[in-house]
Protein chains: 2
Amino acid sequence: MFTQAEENYLKAIYALENESSESISTNNIALKMETKASSVTDMLKKLAAKKLVEYKPYKGVHLTFEGEKVALKVIRKHRLWEYFLVKKLKFSWDSVHEIAEQLEHIQSDDLVNSLDAFLGFPKKDPHGDPIPDKDGIVVSNTSINMLGMKVGDVGVLNGVKDSTDAFLRYLDKKNLALGDRIKIIDIEPYDNSVYIETKTHHMSISKHVAKNLYLKNKK
Amino acid sequence: MFTQAEENYLKAIYALENESSESISTNNIALKMETKASSVTDMLKKLAAKKLVEYKPYKGVHLTFEGEKVALKVIRKHRLWEYFLVKKLKFSWDSVHEIAEQLEHIQSDDLVNSLDAFLGFPKKDPHGDPIPDKDGIVVSNTSINMLGMKVGDVGVLNGVKDSTDAFLRYLDKKNLALGDRIKIIDIEPYDNSVYIETKTHHMSISKHVAKNLYLKNKK
DNA sequence: ATATATTTTTAGACATATCTAAATTTAAAT
DNA sequence: ATTTAAATTTAGATATGTCTAAAAATATAT
């Protein structure tokens, strides 16, 4: 159906879309795939011609519905095989990625679904990532409140409790937006304020504000 | 290590070498692989450069020790995966070939050996073909005496009990040679003589002679 | 033994996927 | 608003594996 190269690009774009809500650039993809930007451009044209991605030169790319379906299928296979390797063949959870990178490209719906049944329809792979079901439905990582996070945790800002203009204006002023990747650097025991790092800056967030922010676990 | 295409050629050449002892021609391979003779020539040059086959233009080809090792590894994987599909995933034995054709190219010694252990070190795949062990040792199809064969059986002449010059001259005269593919057409109940078919002719073999001929099962 | 047929190889083309280096577009900075 | 820098795309090259059509080698037949 699709080549391994095509599948790998779709998987990478899917991952980038879920890591942050910024639009996906050629360089982003090149970095993630350890290849050159010019190779990415070539492939994006090919994927766009097949209507798997929406691609505007110089303007970035995003998956179409069809492209996401393909990506999810590959991810489903990857995670099911990882589960098989760890639970049945007794591999350690940190040694299965490379092998799953190969197995994820085996083409057979029967195989994937039989494997799924054989494993007892697991919901998560050995790394804790959710396994899409046969219709491509992923149990999305539930958002958690920033107050519940620990130092070192990373998440993507994906919701607010307080959605008043005042609060949103405050976020604007602090240069925080939905989709931003946030890392918890420190939590001040004295007042429960949270010191965070974003892609561009560091800042301190009061307990009151933290209570109003929801983050999705980064995969 | 080797590309899928290379592995598929090695596997095909291995199979041809075991089907008959005639030297393997470009066309033989092209037919088995459903490709063109010119493509085969190209690949044979590549495999010869890597010392996986011995290739003399216009004169045919045969596997080197190294090439046979690679072929046996691929066959081992193919048969182990077939066993897995049938015994664990409940596929029917006649529906697993295509999937195994893909799985046989997954590269990981750890994976193959863990799978082997998980399956309980099976000796034969669901079609009855022997599974090479991790050192590439195949339990060769044991030779059976022609007298023990039934009508319809096929085998390759691979040994004689009587190795006197007189008997070998007799075989020469009858145009029978080691490596010849032989099919049992009829067995005469009256005198236990065997009517056989070879690639080029038909003939009747007396019970006395049949007793002195050993055949290897054709895979 | 020479003509004919078959097999095999070569030559040149194409598709996929990649790269380097140059050109172009967009973003940032003064 | 220009210049400078960074990101992106294009152009041209390479490697793999395949094909068609033509040339060369081998086998077959009279």
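Proteins get letters first, then strands, A, B, ... in listed order; numbering begins at 1 in each. No experiment lies behind these values; they were computed from the predicted model shown.
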Please state whether the phosphate of dT9(D), meaning OP1 or OP2, lies under 4.0 angstrom from any side-chain nitrogen or oxygen of Tyr55(A). yes

With sugar-phosphate meaning primed atoms plus P, OP1 and OP2, does Ala37(A) contact a base, only sugar-phosphate, or nothing at under 4.0 Å between heavy atoms? base

Taking the nucleotide of DNA chain D with the nearest heavy atom to each, does Asp42(A) or Met43(B) sit closer to the 5' end? Asp42(A)

Counting only side-chain nitrogens and oxygens, does Lys46(B) get under 4.0 Å of the OP1 or OP2 atom of dT16(D)? no

Just to verify, which of Asp133(A), Asp125(A), Asp116(A) counts as forming a salt bridge (charged side-chain N to carboxylate O under 4.0 Å, His left out) with Arg79(A)? Asp125(A)

Cation-pi between Lys88(A) and Phe118(A): NZ/CZ under 6.0 Å from ring centre and within 45° of the ring axis? yes

Gln4(B) CD to dT18(D) P, in whole Å, measures 11 Å

Once you round it to whole Å, what is the distance between P of dG17(D) and CD of Glu7(B)? 11 Å

Does Ser25(B) put a side-chain nitrogen or oxygen below 4.0 Å from OP1 or OP2 of dT7(C)? no

Under-4.0 Å side-chain N/O to phosphate OP1/OP2 contact, Ser39(B) with dG17(D): no

Gln107(B), CD: over 12 other non-hydrogen atoms inside 6.0 angstrom: yes

Nearest nucleotide by nearest heavy atom, which residue falls closer to the 5' end of DNA chain C, Glu6(A) or Asn27(B)? Asn27(B)

Is a salt bridge present between Lys134(A) and Asp109(A), judged by a nitrogen-to-oxygen distance below 4.0 Å? no

Just how far, in rounded Å, is P of dT16(D) from CG of Leu44(B)? 16 Å

Per Ser38(A) side chain, nearest of listed nucleotides dT18(C), dT26(D), dT9(D): dT9(D)

Considering only dT9(D), dT9(C), dT18(C), which nucleotide approaches the side chain of Tyr58(A) most closely? dT9(D)

Is the number of heavy atoms from other residues, nucleotides or ligands under 6.0 Å of Lys50(A) NZ greater than 12? yes

Compare the minimum distances between each of dT18(D), dT10(C), dT8(C) and the side chain of Lys45(B), then state the nucleotide with the smallest one. dT10(C)

Give every pair of a protein N or O atom and an N or O atom of nucleotides 1-4 of chain D that lie under 3.5 Å apart, one pair per line with the distance.
none

Between dT20(C) and Lys36(A), is there an OP1 or OP2 to side-chain N/O distance shorter than 4.0 Å? yes

Is it the case that atom NZ in Lys32(B) sees more than 12 heavy atoms from other parts of the structure closer than 6.0 Å? yes

With a 4.0 Å limit, can you tell me whether Thr41(A) has a side-chain N or O closer than that to the phosphate oxygens OP1/OP2 of dT9(D)? yes

Between dT9(D), dC19(C), dT16(C), spot the one nearest the side chain of Thr3(A), thanks. dT16(C)

Would you state whether a donor and an acceptor, one from the side chain of Thr26(A) and one from the base of dT9(D), lie under 3.5 Å apart? no

Should the pair Trp93(B) and His127(B) be assigned to parallel (<30°), tilted (30 to 60°) or perpendicular (>60°) ring geometry? perpendicular

